[in-house]
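Accompanying notes for the structure given below.
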Amino acid sequence: MFTDSHTHLYLKEFDKDVATVIKNAVDSGVNRFLLPNIDLNSIPKLLALCKDEKSNLFPMIGLHPCSVSKNFINDLDKIYSYFNADSFIAIGEIGIDLYWENKFIIEQQEAFQIQLNWARQHKLPIVIHSRNSFNEIYTILKKKKNNDITGVFHCFSGSYQQAKKIIEMGFYLGIGGVLTFKNSNLSEVIKKIDLKHLILETDSPYLAPSPMRGKRNEPKFLPIIAKQIAEIKNINIQEIAEITNQNIDDIFFKIK
Ligand SMILES: [Zn+2]
């Protein structure tokens, strides 16, 4: 059985049929789901869903870089208050996104550092959203005070050089549907990387793998990604499940 290490099952795209989506995932071999948060508004639905499906869904807490605006300090204060009532497996998703514009870059950097402090305080791993921002994120993570923090670069689609830097810091690479895109160079990168640094994710409802690209993504498509990695590495898909589950246990479920 596989773990989807990054799925947004609480979003409106799944309002009508989330129970079926989860059932179909289990039927296709995916039985554990890690749920990164987005912003203040998404937390109640995220927590409610995790309570419903208690044994298999695990919540994270954090403010997505695309939701960072002028009021981010206020948002972070309110998000932080959830630590009193609930327990979380990670701080996520957090990071820097410079894809659309450089607006709020200072605020994004500050929000990222504040949430790194949360990770340190609560001894939690982080799930990083990095888009057109590898150097900015790397610079912050390399600061001395951040060197005890670990986690995942979610939806990794960068170069081998970047992958090496991530691994050297003790971080993992989250591999998703981008691997199946024709214009992606990710298979070449994965060829050169040991499986002990990889975990699997869908980022559903986004980033559906080929040939479903552009449609709603679901956790049940995760084995498509696993199968492709199995082919690249020339090993059994069962081994992919075992190794990536072990990596996920090491990151998110270690007793600290
Ligand atoms: Zn996400």
Side-chain angles (χ1 to χ4, degrees), residues 1-39 41-43 45-46 48-50 52-53 56-60 62 64-67 92-93 95 97-100 127-133 152-158 173-190 198-233 237 240-241 244-245 248:
M1 295 300 270
F2 290 99
T3 305
D4 187 346
S5 70
H6 195 111
T7 169
H8 301 278
L9 284 172
Y10 54 88
L11 288 181
K12 63 174 188 315
E13 284 85 345
F14 296 113
D15 273 355
K16 286 197 180 116
D17 62 346
V18 66
T20 312
V21 168
I22 291 170
K23 191 191 171 297
N24 290 342
V26 173
D27 289 347
S28 70
V30 184
N31 70 344
R32 191 164 58 159
F33 311 89
L34 315 189
L35 276 58
N37 187 48
I38 293 177
D39 58 25
N41 296 327
S42 56
I43 299 172
K45 260 175 88 180
L46 164 65
L49 184 65
C50 289
D52 261 18
E53 307 275 343
N56 289 327
L57 277 70
F58 298 91
M60 306 179 197
H64 192 294
C66 293
S67 299
E93 52 187 293
D97 189 315
L98 303 178
Y99 182 73
W100 298 108
V127 171
I128 297 176
H129 172 105
S130 160
R131 202 172 185 202
N132 290 15
S133 61
V152 183
F153 275 69
H154 125 75
C155 191
F156 178 77
S157 59
L173 309 174
I175 306 298
V178 172
L179 176 63
T180 67
F181 296 172
K182 277 205 173 67
N183 55 356
S184 162
N185 186 43
L186 200 49
S187 346
E188 292 307 312
V189 176
I190 286 178
L198 305 186
I199 65 174
L200 305 180
E201 62 168 67
T202 59
D203 200 17
S204 45
Y206 314 113
L207 288 173
S210 297
M212 277 73 65
R213 191 172 180 180
K215 299 202 176 119
R216 180 181 79 166
N217 196 7
E218 294 183 34
K220 73 173 176 192
F221 297 139
L222 193 85
I224 295 173
I225 299 150
K227 193 169 162 263
Q228 191 149 336
I229 296 178
E231 280 162 15
I232 294 169
K233 295 291 191 187
I237 192 166
I240 304 283
T244 55
N245 273 331
I248 285 168

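Any value given below was found using the heavy atoms of this structure, including those in side chains, with hydrogens, waters and symmetry copies removed. Computed from a prediction, not measured in an experiment: that's the story for all the values here.
The nearest pair of heavy atoms linking Cys50 to Leu35 is SG-CD2, 4.0 Å. Residue Ile237 comes nearest to Pro223 through the heavy atom pair CD1-O, 4.0 Å, listed as atom of the first residue, atom of the second, then distance. Across Lys220 and Asn24, no two heavy atoms sit closer than the pair CB-O, 3.8 Å. For the residue pair Met1 and Val30, the shortest heavy atom distance occurs at CE-N, 4.3 Å. Heavy-atom minimum distance, Leu46 versus Met60: CD2-O, 3.5 Å. Between Ile225 and Gly176, the closest heavy-atom pair is CD1-C, 3.7 Å.
Taking the side chain as every heavy atom from C-beta outward, Ser204 and Phe14 approach each other to under 4.5 Å. Proximity of Gln228 to Ile190: side-chain heavy atoms (C-beta onward) are nowhere separated by under 4.5 Å. Annotation: side chain of Asp52 is not in contact with side chain of Val18 (no heavy-atom distance under 4.5 Å). Side-chain contact between Ile240 and Leu200 is present, with heavy atoms from C-beta onward closer than 4.5 Å. The side-chain heavy atoms of His64 and His129, taken from C-beta on, include a pair separated by under 4.5 Å. Annotation: side chain of Ile38 is in contact with side chain of Tyr10 (closest heavy-atom distance under 4.5 Å). With contacts defined as side-chain heavy-atom distances shorter than 4.5 Å, the pair His6/Val152 does not qualify.
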Practice task
Might you work through the side chain to side chain contact (heavy atoms under 4.5 Å, CB included) test for Tyr206 and Leu11, ending with a clear yes or no?
Solution key: CA-CA 11 Å; Tyr206 314 113; Leu11 288 181; 3.3 Å; yes
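With rounding to the nearest 0.5 angstrom, the CG atom of Asn56 is 12.0 Å from the CG atom of Asp4. Atom CG of residue Leu34 and atom OG1 of residue Thr3 lie 6.5 Å apart, to the nearest 0.5 angstrom. Rounding to the nearest 0.5 angstrom, the gap separating the CZ atom in Phe153 from the CG atom in Leu173 is 8.5 Å. For the atom pair CG of Leu207 and CZ of Phe181, the computed distance is 5.0 Å after rounding to the nearest 0.5 Å. Taken to the nearest 0.5 Å, the OG1 atom of Thr180 stands 8.0 Å off from the CE atom of Met212. Asn37 CG to Ser42 OG: the interatomic distance, rounded to the nearest 0.5 Å, is 3.5 Å.
In this structure, Ser184 contributes its side chain and Lys182 its backbone to no donor-acceptor pair below 3.5 Å. At least one donor-acceptor pair under 3.5 Å links the side chain of Asn217 to the backbone N or O of Thr202.
When only modelled atom types and interatomic distance are considered, His8 and Asp203 share a side-chain donor-acceptor pair under 3.5 Å.
Under the side-chain contact (heavy atoms from CB on, under 4.5 Å) test applied with Phe156, the options Val178, Leu179, Leu198, Val189 reduce to a single match, Val189. Of the options Arg216, Lys23, Lys12, a salt bridge (Lys or Arg N to Asp or Glu O under 4.0 Å) to Asp17 is made by Arg216 and by none of the others. Checked options Glu93, Glu201, His154; the residue passing with Pro36 is Glu93 (criterion: side-chain contact (heavy atoms from CB on, under 4.5 Å)).
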